[in-house]
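Shown next, in structure tokens, is the structure this report addresses.
First listed ligand is number 1; within each ligand, the first listed atom is number 1. Bear in mind that the values here come from a model prediction, so they are computed numbers and not experimental data.
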Amino acid sequence: MPLSSPNIRKRLLVPLLLTTVARCLQLESTDEGRLPALGFNSWNCFNEFINEEKFLTAAKHLVDLGLKDLGYTYVNIDDGWSDKEAWRDPETKQIVVDYKKFPDGISGLAEKVHAMGLKLGIYSDRGTKTCASYPGSMDHEEIDAKTFSDWGVDYLKYDNCFIPDEEEDKYPWAPEWWNTTHDGNKAHAPEDYDFSTSRSAERYRIMRNALKKQDRIIQFGMCNWGHAHVELWGNRTAQSWRIWGDILPQWTGHTNHIAWGVMPILNHALFHLDQTNFWGHADMDMLEVGNGLTEAEDRSHFALWAILKSPLLIGTPLDSITPAALSVFKNKELLAYNQDPVFGGPARPYKWGINPDWTWNQTHPAEFYSGNSTAGLHVFMLNTLEETVTKTAVFDEVPGLDPSKRYIVHNMWSGEDIGVYEKEFSIKVESHDIAALRFNEAIADREAIKLQQAGKPGKIHTARKTPDEL
Ligand SMILES: *[C@@H]1O[C@H](CO)[C@@H](O)[C@H](O)[C@H]1NC(C)=O
Ligand SMILES: *[C@@H]1O[C@H](CO)[C@@H](O)[C@H](O)[C@H]1NC(C)=O
Ligand SMILES: *[C@@H]1O[C@H](CO)[C@@H](O)[C@H](O)[C@H]1NC(C)=O
Ligand SMILES: *[C@@H]1O[C@H](CO)[C@@H](O)[C@H](O)[C@H]1NC(C)=O
């Protein structure tokens, strides 16, 4: 618990001045929110059917499975924690906790979660009700921010349901209807319209400002599904902003234009890469790894979210997780890429693949990506087709690779070097799988010798050699 917590302040009778100094130091030295958040969120596995036990189980498994040590520290409560009947306390106006679900309240859970070295997140909504019809925060932003802070909350996911008519945007914009006017996009905004002046942006700022006044650091995750072109004002308003509808545990397709598979979300994300960097991250939604995708799809889903620097919030029950899904979450090299302290921006497509560059295609988005990390230059090759394909990274095409040089190619899935290559590198990629590779310049033959000594295919490969499967 930080020194500035009201409880400790009372108990230790530390003079206010001292705690204020401590708080300032803490705020200045903290990196909270600089990198994408890592943790767990309840929605994809439990929906609104949550209780304290489920969060303590998730927290215990984050620790016991070694996930906490890899950086997964947020335990985030989604919709369904409050009391639909009691609503708000008539006097304090605080949202009433559902004590059947959380017998010790949210503050009790926060204490237990903090004692495990983890952080607690909570959920609310900018409208009058949350999406599952629990109390929303509209016109109670100050009280709710203070309440969350008093309870010891470290993260707020802030949703976008039940917006009264007078709070509707003048120019409603929903990205799902990018190509048409529809209910979601009733009127097109003038060319020079500034979406940061929309009601959406204004209401999100009200909560952001209320959170900033608290004496806790509370990360702010905006969940307005890409509406009101949030990508244009997201990085000025919050640590993350959702870019599109909800995720579904499926590869393609959607339900009612509200919930979408992995490929359509990826396709949309690729058109909004410029806004993500340190302190502000486009959120592609919580992970569905472990929830019914194939193992190859689980790998691609996780890798793509990681390399585009989305927050990585586990959404599967950790007490029954399969070894395969767990090993995806525990891929140290992809986590290191996502959390790189020096390179804050997302990987970028360097060519589209089976479609022409910059094609909007919800079933077959870009397949070839590159990006830098402190460990080297990376290439990621996704296979969107239904059969195994040999994918080739042509050095001449990859920004940052020099076709006149030789590179040690490293497989980020197996954690092993594959060999030394020049001009190009090919690998077989299963349907819906992704090759995740790192390239480091092979300075001299001693690199090849080192690989040979380690029993690796140390010889220098020239073009058109295809190593075995991933
Ligand atoms: C626009 O996109 C929607 C949603 O994907 C689709 O149903 C519709 O057919 C598209 N309309 C046009 C004119 O392309
Ligand atoms: C924030 O997003 C804007 C575009 O809306 C972009 O120009 C700017 O570079 C982004 N800021 C950072 C720090 O990435
Ligand atoms: C998406 O790409 C696939 C594969 O190239 C193609 O068959 C399909 O027609 C494309 N869809 C659209 C909407 O362009
Ligand atoms: C990686 O860094 C290199 C060298 O600084 C640069 O040329 C290249 O464009 C970068 N690649 C990406 C994808 O950012």
Side-chain angles (χ1 to χ4, degrees), residues 33-36 173 175-176 178-180 192-198 200-201 204 208 222 226 228-241 243 251-254 260-261 263-264 266-283 304 307-310 337 340 342-387 389 393-405 407 431-432 436-441:
R34 181 173 187 260
L35 300 171
W173 168 255
E176 287 85 346
W178 80 96
N179 60 349
T180 176
D192 60 352
Y193 182 66
D194 177 0
F195 276 91
S196 74
T197 65
S198 63
S200 294
Y204 275 95
R208 188 271 316 268
M222 300 192 292
H229 279 296
V230 62
E231 73 279 358
L232 300 176
W233 44 273
N235 69 6
R236 282 178 270 159
T237 315
Q239 278 80 38
S240 67
W241 56 93
I243 54 159
W251 189 246
T252 57
H254 59 90
W260 300 74
M263 286 299 99
L266 170 67
N267 175 58
H268 182 66
L270 298 178
F271 291 87
H272 300 291
L273 297 173
D274 287 344
Q275 294 85 24
T276 287
N277 215 311
F278 294 123
W279 303 107
H281 299 96
D283 179 358
L304 290 158
I307 68 172
L308 298 184
K309 311 258 172 168
S310 176
Y337 191 97
D340 198 283
V342 177
F343 296 90
R348 286 172 185 269
Y350 64 86
K351 69 175 180 183
W352 229 245
I354 61 165
N355 284 304
D357 286 356
W358 302 105
T359 306
W360 175 278
N361 186 312
Q362 296 193 333
T363 49
H364 298 75
E367 297 187 309
F368 294 87
Y369 302 79
S370 75
N372 291 303
S373 83
T374 43
L377 189 286
H378 299 254
V379 173
F380 306 95
M381 297 188 285
L382 171 70
N383 176 7
T384 64
L385 298 176
E386 302 308 309
E387 66 273 342
V389 168
V394 179
F395 295 2
D396 203 16
E397 293 175 348
V398 180
L401 286 187
D402 180 342
S404 72
K405 288 182 174 158
Y407 291 90
S431 169
H432 300 181
L437 307 163
R438 192 184 73 218
F439 288 72
N440 295 98
E441 199 184 328

Hey, which atoms in ligand 2 end up nearer than 4.0 Å to a heavy atom of [X]?
X	answer
Asn277	14 (O)
Asn235	1 (C), 2 (O), 3 (C), 8 (C), 10 (C), 11 (N), 12 (C), 14 (O)
Leu232	5 (O)

What residue among His268, His229, Glu231 forms side-chain contact (heavy atoms from CB on, under 4.5 Å) with Pro175?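 Among His268, His229, Glu231, the one that satisfies the side-chain contact (heavy atoms from CB on, under 4.5 Å) with Pro175 is His268.
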Partner of Pro346 under side-chain contact (heavy atoms from CB on, under 4.5 Å), chosen from Ile307, Leu304, Thr276: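 Answer to the side-chain contact (heavy atoms from CB on, under 4.5 Å) test with Pro346 among Ile307, Leu304, Thr276: Thr276.
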Below 3.5 Å only, please: the N or O atoms of ligand 4 paired with protein N or O atoms, distance on each line.
unit_1, atom_1, unit_2, atom_2, d
ligand 4, 2 (O), Asn372, OD1, 3.1
ligand 4, 2 (O), Asn372, ND2, 2.5
ligand 4, 11 (N), Asn372, ND2, 3.0
ligand 4, 14 (O), Asn372, ND2, 3.2

I want to know if ligand 3 touches Trp360 in the polar sense, i.e. an N/O pair below 3.5 angstrom.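 No; every N/O pair is 3.5 Å or more apart.
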Could an N or O of ligand 3 be found under 3.5 Å from any N or O of Thr363, whether backbone or side chain?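 Between Thr363 and ligand 3 (N or O atoms, distance only) the closest approach is not under 3.5 Å.
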Give the contacting part of Glu231 toward ligand 2: side chain, backbone, both or neither, where contact means a heavy-atom distance below 4.0 Å.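 The answer is the backbone of Glu231.
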Can any side-chain N or O of [X] pair as donor or acceptor with the backbone N or O of [Y] at less than 3.5 Å?
X	Y	answer
Ser431	Leu385	yes
Trp352	Thr359	yes
Trp233	Ala228	yes
Asn355	His364	yes

Indicate, as side chain, backbone, both or neither, the part of Thr359 found under 4.0 angstrom from ligand 3 when only non-hydrogen atoms are considered.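 For Thr359, there is no contact with ligand 3 at all, from either part.
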Hydrogens and angles aside, do Gln275 and His281 bring a side-chain donor and acceptor to less than 3.5 Å of each other?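 No, because no side-chain N or O of Gln275 sits under 3.5 Å from a partner of the opposite role on His281.
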Which atoms of ligand 3 sit under 4.0 Å from any heavy atom of Ile354?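 Here the atoms of ligand 3 in question are 4 (C), 5 (O).
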Distance, nearest 0.5 Å, that separates OH of Tyr337 from OG1 of Thr374: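 The OH atom of Tyr337 sits 10.5 Å away from the OG1 atom of Thr374.
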Can you classify the ring geometry of His378 versus Phe380 as parallel (below 30°), tilted (30 to 60°) or perpendicular (above 60°)?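 Answer is parallel, since the angle falls under 30°.
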List for me each residue that meets side-chain hydrogen bond (donor to acceptor under 3.5 Å, both in side chains) alongside Asn440, sequence neighbours excluded, and say none if there are none.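 Partners of Asn440 by the side-chain hydrogen bond (donor to acceptor under 3.5 Å, both in side chains) criterion, ordered by chain and then number, come out as Arg438.
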